[in-house]
Amino acid sequence: MKVRVTLFGALREADPHGFVEMDVPDHCTVATLREALQTHVRNHAPSISENLIKRSAFASEDEILHNHRHVPEHGQIAVLPPVSGG
Amino acid sequence: MKVRVTLFGALREADPHGFVEMDVPDHCTVATLREALQTHVRNHAPSISENLIKRSAFASEDEILHNHRHVPEHGQIAVLPPVSGG
Amino acid sequence: MTDIYTAVVDIAHAPLNPAAALEFVSDPRFGGIATFIGRVRQHNHGRVVTGITYDLFDPLALRIFQEIGERARAEVGGPLKLYIAHAKGSLRIGDFAVVIAAATPHRDEAFRACRLAIEAVKHEAPIWKQEHYVDGDSAWSEGCSLCEEHREAELAAAQQSKQTHGHGH
Amino acid sequence: MTDIYTAVVDIAHAPLNPAAALEFVSDPRFGGIATFIGRVRQHNHGRVVTGITYDLFDPLALRIFQEIGERARAEVGGPLKLYIAHAKGSLRIGDFAVVIAAATPHRDEAFRACRLAIEAVKHEAPIWKQEHYVDGDSAWSEGCSLCEEHREAELAAAQQSKQTHGHGH
């Protein structure tokens with residue numbers, strides 16, 4: 001399935017569009033998507049540290065999706081680097 | 001000496017002028033003044049509880065004057081019942 | 001010190017002004033502003049309140065506000081701007097009784113300074129509150145003694161009661 | 001619930017408004033209002049800052065603000081009004097980044113709710129801060145991971161550091 005991963009914060013620098021699109025196995029977990037994103041970033045945005053992806057969370061508009069969760073069927077997900085509000 | 005004791009809070013009810021004037025020995029302490037005020041209030045404003053005078057502090061415009069302190073020479077002092085600001 | 005602003009405001013002339021407090025403590029060095037605003041509320045101890053009269057011994061109150069400010073500065077141990085203003089006179093429901101604002105580089109010190117200031121104003125400043133009730137009755141609040149013989153025992157009792165069921169006054 | 005107001009404010013359209021926060025939490029039941037306002041300050045970690053860009057994931061941020069509000073309500077265990085607004089976009093020195101206001105009958109709960117809310121906003125909401133420096137350089141702040149594998153260890157470390165030398169972020 002095609003997944004569109006919206007980028008935030010420091011990860012915006014991975015792509016000027018503010019998102020990356022990737023092919024991942026249907027019904028795959030967030031853990032699998034994380035690995036796919038690591039590979040994508042390593043190839044396309046090597047200035048971004050791998051550790052930043054490791055420390056990032058994935059989320060829908062409603063909630064954080066931890067590693068064991070499935071990627072939403074509509075193929076939209078956000079990747080959230082460590083936060084620093086206020 | 002004549003002392004003018006300015007009244008605040010619940011003690012305002014001891015005198016409609018907002019102060020009472022009393023004769024006390026020259027150079028007397030605040031403890032002596034407190035006793036004189038007790039007597040004055042007992043005679044002139046019996047609705048005020050003696051305990052309220054006991055729990056009240058005396059003060060100049062600059063500081064609290066505890067029992068061992070002398071009544072200021074200018075004969076002006078304030079009596080402060082328990083406080084409840086804010 | 002110009003970093004500490006203190007005022008007793010006769011509300012016959014003007015209300016307390018939280019925006020002015022914010023303005024006073026603003027400074028490019030400071031990222032955190034904590035404020036406390038006390039307002040007259042409609043109920044106290046189960047009685048319907050229609051208004052409150054505040055009585056203050058102004059010159060001593062201002063000195064004590066200043067002293068509280070110095071203490072907050074010592075506690076914070078770094079740059080601080082602090083605003084303390086208390087209303088005087090007859091207030092209605094919703095009127096501001098006290099406005100405190102503390103600004104510091106980071107938020108933790110701002111909260112600590114603000115809390116220290118409001119607690120000290122409540123327990124140490126020569127301020128008295130007369131509540132007026134809907135039935136026409138009125139009463140001066142029972143408060144904290146400033147008299148040394150009573151003070152320690154009362155503060156200890158207040159600490160005790162704070163730990164067991166919150167802080168009543 | 002109408003007792004909790006949450007907003008993400010694009011400051012290209014309007015600044016955060018502390019007066020509106022005060023207005024929202026006002027209620028004749030409430031005697032205590034605690035607020036926290038975060039502003040952009042000129043220095044951070046010894047560097048001269050000229051501005052900050054805030055990036056937010058709006059829909060999730062609003063949900064999390066609401067969740068924080070519910071948590072504050074549970075913590076207070078009584079009536080509460082809470083206002084949480086965070087700025088989004090390019091802020092200059094002195095601009096408001098976040099405004100929190102909490103009102104309750106008494107002051108202790110108001111302080112607790114306000115503090116809980118700002119700490120949670122800082123550590124849990126999807127908000128990112130890019131600092132711009134006077135030398136033209138810029139950097140995204142190191143923050144708190146929302147990823148469960150990292151979160152617990154980081155929060156424990158932050159607690160530790162808070163106890164020993166204050167709270168850095």
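Keep in mind it's a predicted model, so treat the numbers as computed, not measured. Lettering follows sequence order; numbering is per chain, from 1.
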### Message
Using every non-hydrogen atom in the two residues, find where D:R29 and C:R41 come nearest and quote the distance to one decimal.
### Response
O-CD, 3.7 Å

### Query
Given D:R39, which of C:I33, C:L22, C:V25, C:D27 fulfils the side chain to side chain contact (heavy atoms under 4.5 Å, CB included) condition?
C:I33

#### Entry: D:F36 ring center within less than 6.0 Å of C:F111 ring center
yes

### Query
What part of D:A34 is in contact with chain C, defined as an atom under 4.5 angstrom from a non-hydrogen atom: side chain, backbone, both or neither?
both

#### Entry: Part of C:I93 lying under 4.5 Å from any heavy atom of chain D
side chain

### Task
Could you check which of D:S26, D:G38, D:A97, D:A102 has the highest count of heavy-atom pairs closer than 4.5 Å to chain C?
D:S26

### Query
Looking at C:P28, C:P105, C:G94, which has the largest count of heavy-atom pairs under 4.5 Å with chain D?
C:P28

#### Entry: Contact leader toward chain C among D:Q42, D:E109, D:H43, where contacts are heavy-atom pairs under 4.5 Å
D:Q42

### Message
As an exercise: rank D:A103, D:G31, D:C114, D:A101 by heavy-atom pairs under 4.5 Å with chain C and give me the winner.
### Response
D:G31

### Message
If you count heavy atoms of other groups shown closer than 6.0 angstrom to CD of C:E149, is the number above 12?
### Response
yes

